[in-house]
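First the structure, in the form of structure tokens, and then the observations on it.
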Amino acid sequence: MTFSLDLHVAERDVRLHLDVASGETVAILGPNGAGKSTLLNTIAGLVTPDSGRCELNGTVLFDLPAGPGRRFWRPPHQRGVSLLAQEPLLFPHLSVLDNVAFGPRSAGAPASRARQRATRWLREVDAEALSARRPAELSGGQAQRIAVARALASDPGLLLLDEPLAALDVSVAPAVRRMLRRVLADCSAVIVTHDVLDAYTLADRVVIVEDGRVVDQGTPAEVLDRPGSAFAAGLAGLNLITGIRRGNTLVVADPPASIPIDAGSAGAQGEQISLAVRPAAVTVSLEEPADPARTSVRAELIDLEPRGDFVRARSALLAADVSPRDAAGLDSAVGSALWFSIPPAAAMVYPTGRSERSTPS
Amino acid sequence: MTLPRWVIAMAAIGAAFVLLPLVAMVLRVNWAEFVPLISSESSVAALLLSLRTSLAATVLCVIFGVPMALVLARTDFWGQKVLRSLVLLPLVLPPVVGGIALLYTFGRRGLLGQTFELLGIEIAFSTTAVVIAQTFVALPFLVLSLEGALRTVGSRYEAVGATLGASPTTVLRRITLPLVLPAMLSGAVLSFARALGEFGATLTFAGSLQGTTRTLPLEIYLQRETDPDTAVALSLVLVIVAVIIVSLAHRTGEPSRRRARALS
Amino acid sequence: MTVTRASRVLVAATVFGIALALTGCAPATPAATAPTGSAATLEGDITVYAAASLQATFTDLAETFEADNPGTTVALNFAGSSALVTQIIEGAPADVFASADTTNMTRLTDAALTDGTPVDFATNVLTIAVPPGNPAGITDFADLAGPDVRLVVCAPEVPCGRAAKTVAATAGVTLTPVSEESSVTDVLGKVTSREADAGLVYVTDVAAAGDAVEGIEFTESASAVNTYPIAPVTGSASADVARAFVDFVTGSDGAAVLRAAGFGAP
């Protein structure tokens, strides 16, 4: 284990444990205010928690016992932890090259060696041509590339990324994301993000943090295809229905519903199970579908929400993405009960508690 | 926006109020004798002394004022607000009061004066006393303008620098100070101007002797008694120096505003 | 410096003006409204510009004068003589000018602003002021040139500095002051605060300073006797009051007060 962290912040009710293996990239997902930025700032040494312990490659970053005992706090510049924020925060008075050379220079490298190193990293992020520019002369995407190069040029034991793509224009974000995927490949990193695409493309493992606690973790596919929480399901864009298995039905308490499930589904009798399905796979109709293979539930249509080229028809239980044409036909039915149906094999049914889920070596 | 006419009229009156006395003074200048008046031995001695002491005071302001501004802008401790207002006190204190306070500190019978005397350092009636008086009144100008700039720039760049492995001293040298350099320069220029104009504290504390403690304002005050022409000529010299300084401060102050815009 | 007396005059003048406006009666001359009494009754307000060294004595004299002449008020403005002359020449409303030296009175006479010939009414000589206890052990004028003596004098540009220069030349002593102040008050301040070991000031300053300083008289002071002339200023609205005040100062009453303060007879 290269990196391990135990963290306790009483004021914000944060109590977290996090491990990062050598070369592993861990994505931390969670709603706003879940304590994700606090987590990164604590690792970087910019925020002091009430108690906790953190170790990186055998070096103790901090050791703050909850009870009596010697408190140890290593200052940020001695941690070997780089923090890349949403905004690039390039030093405005230095050229691009000197920005990237800042880390090596601070580590004591001679100017020429630091610049060589900086040039190498600029090449790595496809920005060598920008060396002589001032930060004010860069576009947002260019600046963020330089910031990545600068963070990596300081040779951090752990790279922290705080929503690195959130402030970028949608047109440049994909290119920067590809670049990040390349440079993070053999780098220990923790990335805080809102974007499920970041998690899929950049992370080896996903950790879901809610209300200051780790509520779920696993590979992106495990966590996001079979979400264990409403938040994760929302991120993955899935309907999530959680209930108790009674025979071949999933019994939901609120709103009360019984959903037929396949006899071969996972989960024992009386166990809590979840059903996940993409809204695009769900259809809505006024009459009960004739096809017996489809799983159908009757639910009240709450509203119709236009989303670009489709319309989301929402009920308390399920949401369905329908074409604008179909939506027009449903308009008068808002407020009344309709049939939401799922084709066979589109739904994924799995036991809800997944503490047994694999964690990477 | 379009300003009401009365606002412009009031502004014009205000501007005239500031400029008219200067015009009146310029009208009284004896131009035929101007150069001989300002190049007399006592005038030149006073001007050189003023420039020398003001420069020394400005250096002291930078040496002590920059750390003071950093502490005020970057740390948080009990009583900091009170400390800030006390440190800025010389800004609003009547100079003669400052002179009296300095007298009781560095004077022969003062708090520190006796210690200095034991060490063989005499401050009273020396050029050192002038520099002390000037530093006392000029220091707040540097602290104030620098602290404001430090708060505007914020500490986010400094945090980034630290996570890149830079020690606090390296962060200060390579990030903080370069970022606030324009504000530091304009603050230093303002301090220089204030030191150059210092009169009350010097008169009370340092005395008045040609070449040693009689700075330009003291020379003007003395000449006014008997030789108004010299007094007016020297006043004009001081006004010209002040105008040059203000325009310099204005120019060095501009890049910091540009930078602040770039940040936002 | 105009003392509170001036504001009292202002209040009196304002009240008087309002009273006139209310009664709708405008007197032709102040004398026309003079109350019944002796034929010599004076009425009117004057402003006296006097050298700073006259502050204590003239404040006294003005009060006595007002008591003797109930219809009069005397406002006083004290400053350095040369500054006062400059102000009068620039048009300041002075009715009487009392100078600490003849040079400045001559400036006023040359400007044709004195009403009649100025009259000398007092003299003043320099003395050595030392802090109580005389830490530097000064006994005579020659001691002032000692290498460890911190001497403060007036700058040669101002009257007390000119006098000091004359005295030093007569005594054949080269003075090396640590400071040349622009007024006697500043010299005295340096001595009372013990920053200086000795200062050259006027006898009257030492008398006025009380216990704060000790005076050491020296014979060479006779070589620079400062003469104080006084004269009414032309164009006074109360010329008779101004003239009466000048007569009062130069008369026996004035002499008594001035001698008591250390001034010499002219």
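Predicted, not measured: the structure shown is a model, and the values here were computed from it.
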More than 12 heavy atoms of other groups within 6.0 Å of [X] [atom1]:
X	atom1	result
Tyr104(B)	OH	no
Trp6(B)	CH2	no
Glu217(C)	CD	no
Asp211(C)	CG	no
Met10(B)	CE	no

Would you mind telling me which of Ala206(B), Pro228(B), Ala124(B) has the largest number of heavy-atom pairs within less than 4.5 Å of chain C? Ala124(B)
Which of Arg109(B), Gln223(B), Gln210(B), Arg224(B) touches chain C most, by non-hydrogen pairs under 4.5 Å: Arg109(B)
Could you look at [X] and say if it's the side chain, the backbone, both or neither that has a heavy atom under 4.5 Å from chain C?
X	result
Thr204(B)	backbone
Leu218(B)	neither
Glu117(B)	side chain

For a quick test of your reading: what N or O donor-acceptor pairs under 3.5 Å do the side chains of residues 13-20 of chain B make, sequence neighbours left out?
none

Close contacts, residues 174-209 of chain C versus chain B, judged by heavy atoms under 4.5 Å: Pro177(C), Val178(C), Ser179(C), Glu180(C), Glu181(C), Ser182(C), Asp186(C), Lys190(C), Ser193(C), Arg194(C), Glu195(C), Ala196(C), Asp197(C)
